[in-house]
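The analysis underlying the following values was restricted to heavy atoms, covering all of them including side chains, and did not include hydrogens, waters or symmetry mates.
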Amino acid sequence: QVQLVESGGGSVEAGGSLRLSCVTSGGPEYTYGSGWFRQAPGKEREGVAFIDSDGSPYYASSVSGRFTISKDNARNTLDLQMDSLIPEDTGMYYCAIQWRPYGGTFHRRPASTFYWGQGTQVTVSS
């Protein structure tokens, strides 16, 4: 059984930082990448950051330069360092592992290609 457990969310003022962490277990031996997605109230889920199977990182333009994704294969963890947070970063953040191949940018891959965590809430106040 695949499990992804996120932690590190919370409330912070604009300009602050948070570090999200995701611990995975029971996943497939090979994956096609892993990443972080978020969903704000009343909005669609959007991709935030992704690490491809070859270790290449990708970021949404809205977070590039402010967020850093990292992966520790030995500890089965996926982290997201978020700096210079703005109110628009508010939302539920989800960790995801891509278990089957799907082309195109990570933002547009269907939800069915991923295993998902339960999410951790991030709230940024102005």
Enquirer: Using the rule that two of Ile, Leu, Val, Met, Phe, Trp, Tyr join whenever any of their side-chain heavy atoms come within less than 4.5 Å, decide whether Phe67 and Ile51 are in one cluster.
Expert: yes
Enquirer: Within the structure provided, determine whether Thr113 and Arg100 are in side-chain contact (heavy-atom separation under 4.5 Å).
Expert: yes
Enquirer: Set out, in order, the CA-CA distance, both residues' side-chain angles and the distance that settles side-chain contact (heavy atoms from CB on, under 4.5 Å) for Thr90 and Arg38, then state yes or no.
Expert: CA-CA 9 Å; Thr90 294; Arg38 69 186 180 191; over 6 Å; no
Enquirer: Could you pull out all residues at least two apart from Asn73 that satisfy side chain to side chain contact (heavy atoms under 4.5 Å, CB included)?
Expert: Lys71
Enquirer: What is the distance from atom CD of Glu46 to atom CZ of Arg108, rounded to the nearest 0.5 Å?
Expert: 12.0 Å
Enquirer: If we ignore hydrogens and angles and just use 3.5 Å, is the side chain of Trp99 paired with the main-chain N or O of Ser112 as donor and acceptor?
Expert: yes
Enquirer: Any idea which heavy atoms bring Pro87 and Ser125 closest together, and the distance?
Expert: CG-C, 4.4 Å
Enquirer: Could you give the distance from CG (Asp79) to OG (Ser21), rounded to the nearest 0.5 Å?
Expert: 4.0 Å
Enquirer: Which value, rounded to the nearest 0.5 Å, describes the distance between Leu20 atom CG and Thr77 atom OG1?
Expert: 12.5 Å
Enquirer: Is Tyr58 reachable from Tyr93 through a run of hydrophobic residues whose side-chain heavy atoms are each under 4.5 Å from the next?
Expert: no
Enquirer: Do the side chains of Leu78 and Tyr115 join up, straight or via other hydrophobic residues, at under 4.5 Å, putting them in one cluster?
Expert: no
Enquirer: Taking the six-membered ring for Trp, are Phe37 and Phe114 closer than 6.0 Å centroid to centroid?
Expert: yes
Enquirer: Mind checking what makes side chain to side chain contact (heavy atoms under 4.5 Å, CB included) contact with Gln81, not counting sequence neighbours?
Expert: Ser17, Arg19, Thr68, Asp83
Enquirer: Mind listing the closest non-hydrogen atom pair of Ala111 and Trp116 along with its distance?
Expert: O-NE1, 3.0 Å
Enquirer: More than 12 non-hydrogen atoms from neighbouring residues, nucleotides or ligands closer than 6.0 Å to CD on Gln118, yes or no?
Expert: no
Enquirer: Give the cluster check for Phe106 versus Leu80: same hydrophobic cluster or not, with ILVMFWY residues linked at side-chain heavy-atom distances below 4.5 Å.
Expert: no
Enquirer: Which atom names give the shortest non-hydrogen contact between Ile97 and Leu4, and what distance separates them?
Expert: CG1-CD2, 3.7 Å
Enquirer: Could you check if a side-chain atom of Met82 sits within less than 4.5 angstrom of a side-chain atom of Val12, using non-hydrogen atoms only?
Expert: no
Enquirer: Please confirm whether the backbone N or O of Thr120 pairs with a side-chain atom of Glu6, one donor and one acceptor, at under 3.5 Å?
Expert: no
Enquirer: Is the positively charged end of Arg109 above the ring of Phe50, judged by distance under 6.0 angstrom from the centroid and angle within 45° of the axis?
Expert: yes
Enquirer: Asp52 side chain to Asp54 main-chain N or O, any donor-acceptor pair under 3.5 Å?
Expert: no
Enquirer: Please name the pair of heavy atoms, one in Pro110 and one in Arg45, separated by the smallest distance, quoted to 0.1 Å.
Expert: C-NH2, 4.4 Å
Enquirer: Does the side chain of Leu18 come within less than 4.5 Å of Asp89's, by heavy atoms?
Expert: no
Enquirer: Strictly distance-based, threshold 3.5 Å: is any side-chain N or O of Trp36 a donor or acceptor partner for the main-chain N or O of Cys22?
Expert: no
Enquirer: Main chain of Ile69, side chain of Tyr59: is a donor-acceptor contact present, judged purely on distance under 3.5 Å?
Expert: yes
